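Taking it in order: structure first as structure tokens, then the write-up.
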Amino acid sequence: MRTKVAIIGAGPAGLLLGQLLHRYGIDNVILERQTPEYVLGRIRAGLLEEGTVALLDEVGAGARAHQEGLIHHGLELAFGGARHRIDMYGATGKTVMIYGQTEVTLDLMNARKAAGLTSIYQAADVKPLDFDTDRPRVSYVKDGVSHEIECDFIAGCDGFHGVSRASVKPSALKTYERIYPFGWLGILSDTPPVSPELIYSNHARGFALCTMRSTKRSRYYVQCPLDDDIAQWPDERFWGELKRRIDQKAADELVTGPSIEKSIAPLRSFVAEPMRFGRMFLAGDASHIVPPTGAKGLNLAASDVHYLSQAFREYYDEKSSAGIDGYSARALARVWKAVRFSWWMTSMLHQFPEQGEFGARIQLAELDYVVNSKAASASLSENYVGLPF
Ligand code: FAS
Ligand code: PHB
């Protein structure tokens with residue numbers, strides 16, 4: 001088989017790239033090691049920046065998001081027993097949309113199927129090969145039979161544990177990492193959200209986040225020790241702990257119910273540079289990871305593939321390599337600003353074992369400054385709604 005761009009990974013990055021390339025008339029194939037059901041079963045991000053929604057619209061996959069997504073103009077920071085609203089729309093003229101990554105992935109899968117594009121699921125042993133030559137290829141095994149795809153370019157959209165970045169010789173990569181000494185225990189429940197907007201709570205017992213998927217389905221997170229196991233968190237314990245970490249009004253109004261999903265995710269900041277290796281380009285979690293505190297992971301995957309699809313369009317339409325030569329620097333400029341913001345939000349809101357009383361007071365001073373300074377609140381807002389692509 002031959003194609004112009006071989007995409008490894010059918011998560012949001014790979015699927016959105018595939019649809020953008022299709023829109024520009026650039027033939028592409030997606031190789032995914034899991035089944036579609038497995039990919040859709042992963043409960044992850046829940047918040048889209050306007051730029052991400054615009055890309056879904058550009059590829060004709062945004063209709064359901066506009067019908068079902070919840071538009072938010074602000075968020076609340078809770079500390080010292082009180083909640084403080086950040087008017088993001090007032091500061092930036094922009095909003096964010098609550099619309100789960102699962103739904104984004106489904107919409108993109110359906111768009112790809114409707115376009116009759118080739119997606120190979122349960123592709124085993126996928127290998128990007130000869131990407132440091134002008135004849136790259138990708139090998140894989142399907143139902144026990146070995147196959148090879150010849151291509152012009154490879155897009156590594158295979159997430160943090162994928163094969164693309166792992167195929168680059170270590171001497172060609174520079175990585176930056178910070179691993180946080182805690183995780184997020186998240187649950188989904190078919191209960192009405194405790195508040196119409198998100199509540200990020202700094203509490204001596206640990207961070208908590210009240211978010212949602214719809215007006216009938218809530219998502220909550222509490223900071224937990226890295227070595228905790230789900231078995232230690234029966235629903236009753238989760239709800240009790242969440243109530244202790246949010247303000248009294250929210251605790252009194254919280255509607256609890258059986259969890260329909262429960263998982264613990266580790267938190268890390270990670271960036272691998274560069275994002276291009278000859279004819280292979282990395283995008284999304286394959287290249288960078290942010291703690292979910294800033295709701296940036298999925299949205300960074302979107303801006304990466306926006307830049308990458310533009311670069312490929314320039315290459316094929318204008319016979320120019322300027323875009324592909326500039327992709328890594330252009331994408332990393334936005335990635336690092338989101339890494340900084342996600343690190344800052346995580347540092348301000350979580351309990352760190354080594355922070356001590358001084359560190360706790362610095363956090364409260366930072367929160368007090370943010371909610372009482374127009375400039376500081378505007379800075380949080382413009383980062384949260386998404387810096388320009
Ligand atoms: P993904 O990891 O989504 O997709 C990569 C795909 O590549 C997967 O389908 C995988 O099966 C496939 N793949 C891997 N190796 C392969 C191989 N060798 N061959 C073929 N295919 C291969 N972000 C937020 O903004 N907010 C959140 O609350 C949030 N919560 C998260 C919770 C968890 C547990 C995790 C892991 C991430 C979370 N994220 C969150 C970040 C997440 O949303 C990512 O940013 C987003 O999935 C990035 O999309 P992709 O880059 O497509 O990577
Ligand atoms: C979510 O809805 O899952 C979500 C929202 C905002 C975040 C993290 C997770 O910062």
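Bear in mind the structure is a predicted one, so any value in this text is a computation, not a measurement.
Using a 4.0 Å cut-off between charged nitrogen and carboxylate oxygen, E103 and R213 do not count as a salt-bridge pair. Contact check on D235 versus K262 returns a salt bridge, with a Lys/Arg side-chain nitrogen under 4.0 Å from an Asp/Glu carboxylate oxygen. Taking a cutoff of 4.0 Å between a charged side-chain nitrogen and a carboxylate oxygen, D152 and K4 do not qualify as a salt bridge. Between E241 and R245 a salt bridge is recorded (basic side-chain N to carboxylate O distance below 4.0 Å).
Judged by the 6.0 Å and 45° rule, R340 forms no cation-pi pair with W343. With F160 as the aromatic partner, R165 meets the cation-pi criteria of under 6.0 angstrom to the ring centre and within 45 degrees of the ring axis. Under a cutoff of 6.0 Å and an axis angle of 45°, K337 and F341 do not form a cation-pi pair.
A distance-only check finds a donor-acceptor pair linking the side chain of Q351 to the backbone of H203 [under 3.5 Å]. The closest donor-acceptor contact from the side chain of E314 to the backbone of G323 lies under 3.5 Å. R276 places a side-chain N or O within 3.5 Å of a backbone atom of G278 that can act as its donor or acceptor partner. Side-chain N or O atoms of K94 include none that pairs as donor or acceptor with a backbone N or O of E49 at under 3.5 Å. Although no hydrogens or angles enter the test, the distance criterion places a donor-acceptor pair under 3.5 Å between the side chain of S342 and the main chain of A338.
When side chains are defined from C-beta on, V104 does not count as touching L16, because their heavy atoms never get closer than 4.5 Å. Residues W184 and T293 form a side-chain contact, since some pair of their non-hydrogen atoms from C-beta on lies under 4.5 Å apart. Within the 4.5 Å cutoff, the side chain of T256 has heavy atoms near those of the K243 side chain. At a threshold of 4.5 Å between non-hydrogen side-chain atoms, the residues L31 and K142 do not count as touching. When side chains are defined from C-beta on, L380 counts as touching M345, because their heavy atoms get closer than 4.5 Å. No side-chain heavy atom of M275 sits under 4.5 Å from any side-chain heavy atom of L308. Put simply, the side chain of Y384 reaches to within 4.5 Å of the side chain of L198, judged on heavy atoms. Side chains of M109 and L40 form a contact here, defined as non-hydrogen atoms less than 4.5 Å apart.
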### Task
Output, in order, the C-alpha distance, side-chain angles, deciding distance and verdict of side chain to side chain donor-acceptor pair (under 3.5 Å) for S269 and Y180.
CA-CA 8 Å; S269 297; Y180 298 89; 2.6 Å; yes

### Query
Run the side chain to side chain contact (heavy atoms under 4.5 Å, CB included) check on R279 and R135 step by step: do they pass?
CA-CA 8 Å; R279 293 262 177 150; R135 296 166 61 85; over 6 Å; no

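Heavy atoms from other residues, nucleotides or ligands lying under 6.0 Å from CZ of R178 number 12 at most. Crowding of F270 atom CZ: a count of heavy atoms from other residues, nucleotides or ligands under 6.0 Å exceeding 12. Within a 6.0 Å sphere centred on CD of E177, other residues, nucleotides and ligands contribute more than 12 heavy atoms. Other residues, nucleotides and ligands contribute only 12 or fewer heavy atoms inside 6.0 Å of the OH atom of Y38.
Transitive grouping of hydrophobic side chains (ILVMFWY, heavy atoms separated by less than 4.5 Å) keeps F238 and L209 in distinct clusters. The hydrophobic cluster containing V53 does not contain Y89, counting ILVMFWY residues as joined when their side-chain heavy atoms lie under 4.5 angstrom apart, directly or transitively. M280 and I149 end up in the same hydrophobic cluster when Ile, Leu, Val, Met, Phe, Trp and Tyr side chains are linked at under 4.5 Å. Both V138 and L282 are members of a single hydrophobic cluster when ILVMFWY side chains are connected at heavy-atom separations under 4.5 Å. Note on L75 and L367: same hydrophobic cluster, where clusters join Ile, Leu, Val, Met, Phe, Trp and Tyr whose side-chain heavy atoms are under 4.5 Å apart, directly or indirectly.
Summarising the geometry of M212 relative to S195, their closest heavy-atom pair is CE-O, 3.5 Å, with the distance given to 0.1 Å. Residue A6 comes nearest to C151 through the heavy atom pair CB-SG, 3.9 Å, listed as atom of the first residue, atom of the second, then distance. In plain terms, the two heavy atoms of Q232 and D227 that are nearest each other are OE1-O, 4.0 Å. Annotation for L55 and L20: closest pair CD2-CD2, 4.2 Å, computed over non-hydrogen atoms. Contact detail for S303 and R334: the closest heavy-atom pair is OG-NH1, 2.9 Å. Across R2 and D27, no two heavy atoms sit closer than the pair O-OD2, 3.9 Å.
Ring geometry, H147 versus Y140: the interplanar angle falls under 30°, so the pair is classed parallel (tilted spans 30 to 60°).
Proximity of the aromatic rings of F182 and H350 is defined here by a centroid distance below 6.0 angstrom, and this criterion is met. The aromatic ring centroids of Y24 and F312 lie 6.0 Å or more from each other.
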